[in-house]
Structures are given as structure tokens and as C-alpha cells.
Amino acid sequence: MAVVDRTASQTTRPFVFVRAEDSHLWILWQKPDGTWEWANQGGKVDRPVGVIALDDTAQGNRPYAFVLRDQHLWVNWWNGTTWIWSDQGQPPSVNLFRGLGAVTIALKPTMSPAPFAVVFGSDGNAWVNWWNGSSWLWYSMGSPPGVSIGRSMGVLAVTDERTGEQTLQVYMWGSDGQVWLGVTDMVSSRWTGLGYPPYPEVITGPAGAAIVKRGPGQLSQSCCFVMTAATVWVCQDDSWLEVGAPLSDHYALASLGAISVPDINNDSQYALVFVTDGNNSVWACRWDGSKAVWEDHGNPTGHTIDAGVGITNTTYASPGGAQLPHAFVRTTDGLVYENWEQ
């Protein structure tokens, strides 16, 4: 899990959260001098949920890392001076089995951004633990009718530019093989079946979710990316489009995640999807809503990539400037490597 910290000077730096073999939560963070340092946060992490950075103070962002422990939701958060563990509990008579994601949302233009953590409960429903400005609340999103919730395909905060309001959007892989989209404003929820890529393609797992915006005056579009046997597909505006595969061997082996990247030059935003190919290389696919551009990012020399850790954007090189994506991966020998755009 990765997120950024913003300092008062508008510089942002990556914070990487991982669960180590000791079941503790550890943070790998970049110090002002550019060096990296590990910090043991302790605790007992059964499953990750997600991380967010709450941009609500002049001094900088406050990271929140949500995890599951003993079927409760816990959060490790920065209060401005120190790290704190808080037991968020669980919904009444509901045990929590796995995390689905976390985002920062301002439901109304007049509201401040707040943390939202989404989890799956023993009652079969998706539950949201969120801060309403004065207290933490639990809200049930329910589940798709007659369908069991499977893996999370991505969690997004989506803005309606016409009203300035944001909604929580949760993509799920249902027991019927479809991708389902749950949308809520914390008053009501609705679930929509989005289907799947056309036959003979079969979804094998998530590739992430992101938001694209094609330019000034355009509305934001949420995108859910999925893996099939060898290629990446996207569900956008209720339609399935083939994104393709790395040009090396035309084979997308595993997903490392996706992120939305703002382009400050033309008020647009594109999605960046990271995958590995059959040659142990990382590939990034830039998706602008209609066209895919693939780029080979290579690999850590002498190391085999095992899994994605997290992806985030920073302005570390240029305070207040363009946001640059950073992808963190784990190798089979237990190391964390960073792939970033200069």
C-alpha cells in the first residue's frame, strides 16, 4: 500500500506501508534528504484494507493506514506529531473478513475531505467506516442482488463536476463472474452489473481502477481494469474495451495496480496501469479513455518481481509541479523496489 505525504512547502514524498513476516505494519518512507528509512508501527495485521492521505492541515498530509485485526477494523494514523493506533471496531453483530479499499471523499463541496474504508462483512455486505466531521460511522452498502461479493476490483472517489459532489464507487468481482459497481453517497446505494469482456475472454483478476478526464469541460469517467488470460480490458461507461498487452511478448502476466495521473497542462487526467510480462519486465499502459500507449519500464537487475506493493503520485522533484507516478514492487528475495518517473 502506498500513499503520499505533503509538507508545508508543497513537496510530496512517498510512504509505503507493508505487512512483514512478524505481522507488524511497517512504513518505508523517504526522508527530506532523499534517503529511505523503515519504521516499525507494531500492531498485528491480519489483512490490509487500504491507505489514504488526508490533506487537511497547512503543515501537510496525514496518512491513515487501515488494516484488519481479529475481525475488527484498525487504523494507524498520523495526528501531526505522532502515530496512533485506533480500533474502529465492527458493525453490530458483523465480523470483518477482508478489506476492499480506502479513499478520501468530500461528499459535498462544503465538506472537508474525510477517510472512507470499505470492508467485507460476515453478513455478505460491503460496509463503509467513515468520518462525518465529528464521529466515525458505519454504513452498509449491501450487496448485488442474489450475488456474493468476491474480490475487490477497485475503490474510487468520483467527482461530478456539475455539482462538485463526490460519490464512493466500489468495483467488485461477483460470484456470477460479472464485475459489479456499487455507488453510494452514504444515504442510499445502488448496484449495477457491468458484465464481462466478450467471449472467449474470461476475467482472471483485477488490474485496478482509476479515473480519466479527457480535457476542460469534460466529466470524469471511472474505469475498472481487469486481467484476462493474457490481456488487459477496461470497463468504461458500461462498455468493455480491450487495452491490450505488453508489446514484448503480447502477454500480461500479473497486475501491479493502477492510478489516476493528473495532467496540469490541459486539465485532463489519464489512467496508468502497471503489469508484468513473461520476461519479468514492468510495463505501464497509459489509458486516456480511448487509446492505450504501452511503455517498457524494465526490471530491477538480478531480481524477480513477485508482486505489486502500491502506486502513488508525488511532486517530490518539483514542489507544486506536475504529479509523477511511483510504482513499488516486491521481489522474490523480499526486497522493495521503486519505479518512478523523473
Side-chain angles (χ1 to χ4, degrees), residues 1 45-52 54 64-77 85-160 163 165-195 206 208-209 211 222 224 235 238:
M1 303 183 293
V45 178
D46 294 331
R47 292 174 180 268
V49 176
V51 296
I52 61 99
L54 190 62
Y64 285 64
F66 293 92
V67 301
L68 293 183
R69 184 170 85 189
D70 299 328
Q71 300 181 340
H72 279 214
L73 178 68
W74 285 76
V75 60
N76 183 236
W77 61 288
W85 278 102
S86 297
D87 183 359
Q88 303 296 96
Q90 55 187 198
S93 304
V94 176
N95 291 323
L96 302 179
F97 288 161
R98 62 179 181 272
L100 302 176
V103 290
T104 301
I105 299 178
L107 294 173
K108 304 287 184 183
T110 56
M111 299 176 66
S112 299
F116 286 64
V118 190
V119 292
F120 175 70
S122 57
D123 59 352
N125 293 329
W127 285 85
V128 185
N129 185 239
W130 68 292
W131 176 256
N132 72 351
S134 58
S135 61
W136 288 95
L137 303 175
W138 283 101
Y139 174 80
S140 174
M141 291 185 63
S143 59
V147 176
S148 299
I149 292 175
R151 294 176 65 180
S152 171
M153 309 300 273
V155 176
L156 298 172
V158 181
T159 302
D160 185 337
T163 64
E165 297 178 351
Q166 288 189 319
T167 55
L168 171 63
Q169 300 196 5
V170 182
Y171 289 96
M172 301 290 183
W173 193 4
S175 57
D176 58 354
Q178 286 194 80
V179 172
W180 285 82
L181 172 61
V183 180
T184 183
D185 58 3
M186 311 311 293
V187 176
S188 62
S189 301
R190 68 179 185 276
W191 289 91
T192 304
L194 302 179
I211 298 171
S222 56
C224 178
C235 184
D238 300 334

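Heads up: numbering here begins at 1 and tracks the sequence.
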- Item | Ser189 to Ser140 - nearest heavy-atom pair and separation | OG-O, 4.4 Å

- Message: Under a 3.5 Å threshold, yes or no: a donor from one side chain and an acceptor from the other, between Ser86 and Trp77?
- Response: yes

- Heavy-atom pair of closest approach, residues Val119 and Leu73: CG1-CD1, 4.2 Å

- Side-chain donor-acceptor pair present, Asp70, Trp74, cut-off under 3.5 Å: no

- Task: Might you point out which heavy atoms bring Gln90 and His72 nearest each other, and give the distance in Å?
- Result: NE2-CD2, 3.4 Å

- So NZ of Lys108 and CD of Gln166: to nearest 0.5 Å the spacing works out to 11.5 Å

- Task: Measure across Pro115 and Phe66 and return the closest heavy-atom pair with its distance rounded to 0.1 Å.
- Result: CB-CZ, 3.9 Å

- Please name the residue in the list Ser222, Ser152, Cys235 that meets the side-chain contact (heavy atoms from CB on, under 4.5 Å) test with Tyr171. Ser222

- Query: Got more than 12 heavy atoms from elsewhere within 6.0 Å of CZ, Arg69?
  - Reply: yes

- Message: If we count only N and O atoms by modelled type, under 3.5 Å, do the side chains of Thr104 and Tyr64 hold a donor and an acceptor together?
- Response: no

- Message: Apply side chain to side chain contact (heavy atoms under 4.5 Å, CB included) to residues Met186 and Leu107 and explain how you reach the verdict.
- Response: CA-CA 9 Å; Met186 311 311 293; Leu107 294 173; 3.7 Å; yes

- Note on the structure: Between Ala157 and Ile105 the two heavy atoms that sit nearest each other are CB-CG1, 3.5 Å

- Query: Is it true that Trp136 and Trp131 have ring centroids separated by less than 6.0 Å?
  - Reply: yes

- Task: Give the minimum heavy-atom separation between Leu100 and Ala126, together with the two atoms involved.
- Result: CD1-CB, 4.2 Å

